[in-house]
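So you know, we letter chains A, B, ... as the sequences are listed, proteins then strands, and number each from 1.
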Amino acid sequence: MIDKIKNEWKDCVARALGTYLGATDFPEPNMGVPPKPEMGDIAFPMFPYARIKGMNPARIAADVKEILSKAEHPAGTLSTAGAYLNVKIDSSSLFSDLVRKIGMEGSSYGCNSSLRGKKVMLEFSCPNTNKPLHLGHMRNDSLGESVAAILKANGAEVMKVNLINNRGVHICKSMLAYKEFSNGETPADTGEKGDHFVGRYYVRFANWSKEYEGRIVALEKEGRNDEAEKLRADSPDARAQRMLKAWEDGDEEVLALWRTMNKWTLDGLEQSYRDMGISFDRYYYESDTYKFGKSEVLKGLEEGVFFREKDGSVQIDLSDIGLDRKVLLRKDGTTIYITQDLGTAIRRHEDWPFDSMIYVVASEQAYHFKVLFHILKKLGYTWADGLHHLSYGMVNLPEGKMKSREGTVVDADDLLAELSALAKEEIVSKGREALVGDVDETSRKIALAALNYYLLQVSPVRDMIFDPKKSISFSGNTGPYLEYMGARISSILKKAEEDGIASASDVDGSLLCNEDEEHLILLLSSYPSLVAEAAAGFDPSVITSFLYDVAKTFSHYYHDNQILKAGSPELVSARLSLCRAVLQVLKNGFALVGIPFLESM
RNA sequence: GAGACCAUAGCUCAGCUGGAUAGAGCAUCAGUUUGCGGAACUGAGGGUCGGAGGUUCGAAUCCUCUUGGUCUCGCCA
């Protein structure tokens, strides 16, 4: 709506310029935003025409303003400031249309159909089945969920998929430690969440292996190399390798343990996903796709896309894209990471022929995806042009990188619990338990708002620093602040209803003429174009900044202006309509960035 | 060594296809409640946009070089 008006203005300015310059061939006017709201809503700089006309740009601005003011143009007022021709849009004339549109469209206000008919597959999360989720996964999951919602809002058909990394030597490590040290205990026995239970054995393995390594090195120092060799052959790492071989050979005992422990972990991860509001439409498992990947590589070998090295490994020459060679099958014929990913991609396109597929994966894997996409193209899959790596930076701590060995990894469940506890404290300290209803559920939703907003407000490409103690506050530019605005507007509307203030069907927009009201109306009008912009760049931070802008403006507005006790019934009615519109847009935006809406908090 | 990405206030981050005096939050300091939720609002101080060139009427933004940081270049995943 706002875009339409802006473009109308742009056309008008272009026509006026045409008349003024007496030409048809000149650069089309640039549209900007004046630095201060009172200067107007659209700015047209006249610099480019100064040279053409050989005149002072400020003079041009004044002359064009003259021409324009006599011509037909949308409602609004013109002014000049130096070389700028500024337009103040008559927002009150927008208001009734805006209110009607938002009222009619409700939760779909802001959606468009630019991606209608497009099938987009979105892969994210992709956990290993040997440990619980950590902060890094949370950024991944937040991004995945948000981008999925944003693409849907643009009309795409979205399939969210998760690829479970449930095979490989790292999985065997937790299994081996369990076999060695558990005495058969189960998560049910210890009361632990399954992923934490298994993760504990993964850590146990690491310590066990380290201890062995120390003994081996000590023996070697003493020159007792035979004994060292013997110890090494029996080391945890060697045994894990043998277990992997047994797993691949189909050893029933190993497979049984694998199934059991995988289930424990996945049950635990499912719980975390539920708590964090993450869901998937389909799961893929590496254990299912790695063999398929191998057969695809062998097919490519026959077709001459790949070649077999003298040592027996299968490789591809990537010199055409300025890279080296890449191994696709080991000399013993076993598969590697990329073999499996090739198989998974092909299988997925067979399952659900997508137009595009987005991998939400950390930037450290940029090389992997470059190679993967290239190979798929070389194999002749035309759909490979629709593959996209949504790369995001790392989440670091103030003291540096998270390191599992140093125990500095921030556990996702712990973090959520900690934030929920803080939120609960806040609710209790304000004595709002009864007003809130389910205190624990509300606390969790506040924690989620804090987390998702914090993780999404940073542009995906950037590394970010996360200070668990300080970074997540509930005041200022935060998720809970946005939720709070939603709750307060809800509260006003509720009170209006209780007081029997009827909502008028036709409101007089011309009553809403203070600066904040005008700003809010323009903001709400611009929301649909931002939904499109967020989709184009796969960037939820477009939405988070918008929401903060709306909340902040509203905050300021209702601090200074009474709504229910405004001067006249007509003004009350108009302001209530504005409140409803703001609330609806906040809710719609919340849904795109994982902020739960709360009527009361 | 080669390549990719990042650098903006004390800290955490915005800044759209180049446009007017570079913006928020936190922290610091000073204020605001006889009113619909104070998880709020207002104000102040705080900047050589890593550095140097270039393009342009105009550069935090584009180009080149350079410094610093991170990541990748495994028959690990």
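Among the atoms of the strands shown, none is found under 4.0 Å from any heavy atom of A:N130. Residue A:T544 is classed as having no contact, given no heavy-atom separation below 4.0 Å to the nucleic acid. Nucleic acid contact for A:A423: none, since no nucleic acid atom lies under 4.0 Å from a heavy atom of the residue. Nucleic acid contact class of A:M601 (heavy atoms, under 4.0 Å, all strands): base. Looking at heavy-atom distances under 4.0 Å, A:I336 makes contact with sugar-phosphate atoms alone, never a base. Nucleic acid contact class of A:S473 (heavy atoms, under 4.0 Å, all strands): none. At a threshold of 4.0 angstrom between heavy atoms, the contacts of A:A487 include nucleobase atoms, whether or not backbone atoms are also involved. Within the nucleic acid shown, A:A43 comes within 4.0 Å of at least one base atom, counting heavy atoms only. Counting any heavy atom pair closer than 4.0 Å across all strands shown, A:P57 reaches no nucleic acid atom. Within the 4.0 angstrom heavy-atom criterion, no nucleotide atom of any strand lies near A:I321. If you check every strand for non-hydrogen atoms under 4.0 Å, A:P398 touches nothing. Within the 4.0 angstrom heavy-atom criterion, no nucleotide atom of any strand lies near A:L328. Using a 4.0 Å heavy-atom distance criterion, A:E286 is classed as a sugar-phosphate-only contact. Nucleic acid contact for A:Y337: base, since at least one base atom lies under 4.0 Å from a heavy atom of the residue.
As rounded to whole Å, 19 Å separates atom P of B:G19 from atom NZ of A:K36. B:C16 atom P lies 18 Å from atom CZ of A:F546, rounded to whole Å. Remark: C1' of B:C41 and CD of A:Q562 are 15 Å apart, rounded to the nearest angstrom. The nearest whole Å value for the distance from the CG atom in A:L390 to the P atom in B:C5 is 15 Å. Taking atom NZ of residue A:K173 and atom P of nucleotide B:A77, one finds them 11 Å apart after rounding to whole Å. Distance, A:N86 CG to B:G19 C1': 12 Å, rounded to whole Å. When rounded to the nearest whole Å, the span between OH of A:Y202 and P of B:A77 equals 12 Å. Counting to the nearest Å, the P atom of B:C75 and the NZ atom of A:K294 are 17 Å from each other.
A:H137 contributes a side-chain N or O that, together with a main-chain N or O of A:H134, makes up a donor-acceptor pair within less than 3.5 Å.
For B:G37, the OP1/OP2 oxygens have a side-chain nitrogen or oxygen of A:S491 closer than 4.0 Å. For B:G15, neither phosphate oxygen OP1 nor OP2 lies less than 4.0 angstrom from any side-chain nitrogen or oxygen of A:Y548. Between A:S541 and B:C13 there is no side-chain polar atom (N or O) within less than 4.0 angstrom of OP1 or OP2. Regarding contacts with the backbone of B:A7, a side-chain N or O of A:R462 is found under 4.0 angstrom from either OP1 or OP2.
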Exercise. Which dot-bracket notation, 5' to 3', represents the base pairing of RNA chain B when pairs are defined as Watson-Crick or G-U with both distances under 3.5 Å, crossing pairs as [ ], and inter-strand pairs as |?
Worked result: (((((((..((((.....[...)))).(((((.......))))).....(((((..]....))))))))))))....
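A salt bridge does not link A:E599 to A:K494: none of the charged side-chain nitrogens sits closer than 4.0 Å to a carboxylate oxygen.
Sorted by first then second residue, the salt bridge (Lys or Arg N to Asp or Glu O under 4.0 Å) pairs that include residues 54-64 of chain A, not counting sequence neighbours, are A:R59-A:D63. Pairs of residues two or more places apart, or lying in two chains, that qualify as side-chain hydrogen bond (donor to acceptor under 3.5 Å, both in side chains) and include a residue from residues 440-451 of chain A are A:K424-A:D440, A:E441-A:R444. Evaluation of the side-chain hydrogen bond (donor to acceptor under 3.5 Å, both in side chains) test over residues 35-49 of chain A, restricted to residues two or more places apart or in two chains, returns none.
By the 5.5 angstrom centroid cut-off and the 30-degree plane limit, A:Y84 is classified as stacked against the base of B:A20.
Spacing of C1' atoms, B:A24 relative to B:G15, comes out at 10 Å, to the nearest Å. The P atoms of B:G50 and B:U61 are separated by 8 Å, rounded to the nearest whole Å. Taking atom C1' in both B:G19 and B:A60, the straight-line distance is 13 Å, to the nearest Å. Across the P atoms, B:G46 and B:G10 are found 11 Å apart, a figure rounded to whole Å. Nucleotides B:U67 and B:G25 are separated by 38 Å at their P atoms, to the nearest Å. Comparing the same atom, C1', in B:G54 and in B:A59 gives a spacing of 11 Å after rounding to whole Å. The separation of B:C41 from B:C26, taken at their P atoms, amounts to 8 Å, rounded to a whole angstrom. B:A9 and B:U55 have their C1' atoms separated by 30 Å, given to the nearest Å.
In this pair, A:Y481 and A:Y548 present their aromatic rings tilted. The plane angle is within the 30 to 60° band. Relative ring orientation between A:F47 and A:Y84 is described as perpendicular, the plane-to-plane angle rising above 60° on a 0-90° scale split at 30° and 60°. The aromatic rings of A:F597 and A:F590 sit tilted, their planes meeting at an angle between 30° and 60°.
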For residues 482-489 of chain A, which side-chain donor-acceptor pairs fall under 3.5 Å, sequence neighbours excluded?
unit_1, atom_1, unit_2, atom_2, d
A:Y484, OH, A:R488, NH1, 3.0
A:R488, NE, A:Y558, OH, 2.2
A:R488, NH1, A:Y558, OH, 2.5
A:R488, NH2, A:Y558, OH, 3.1

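The side chain of A:I563 lies closest to B:C36 when the candidates are B:C36, B:A40, B:C13. Considering only the side chain of A:K495, B:C36 comes nearest among B:C36, B:U42, B:C75.
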N/O contacts under 3.5 Å, protein versus nucleotides 69-74 of chain B?
unit_1, atom_1, unit_2, atom_2, d
B:C71, OP1, A:K401, NZ, 2.9

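Using a 4.5 Å heavy-atom threshold, the side chains of A:L415 and A:M138 count as touching.
The residue among A:I338 and A:V461 whose nearest nucleotide of RNA chain B lies closer to the 5′ end is A:V461. Nearer to the 5' terminus of RNA chain B, by closest-nucleotide assignment, is the contact made by A:S545 (compared with the other of A:S475 and A:S545).
A:Y359 has its ring centre no less than 6.0 Å from the ring centre of A:H388. Aromatic ring centres of A:F373 and A:H389: separated by at least 6.0 Å.
A side-chain N or O of A:N112 and one of A:N154 form a donor-acceptor pair less than 3.5 Å apart.
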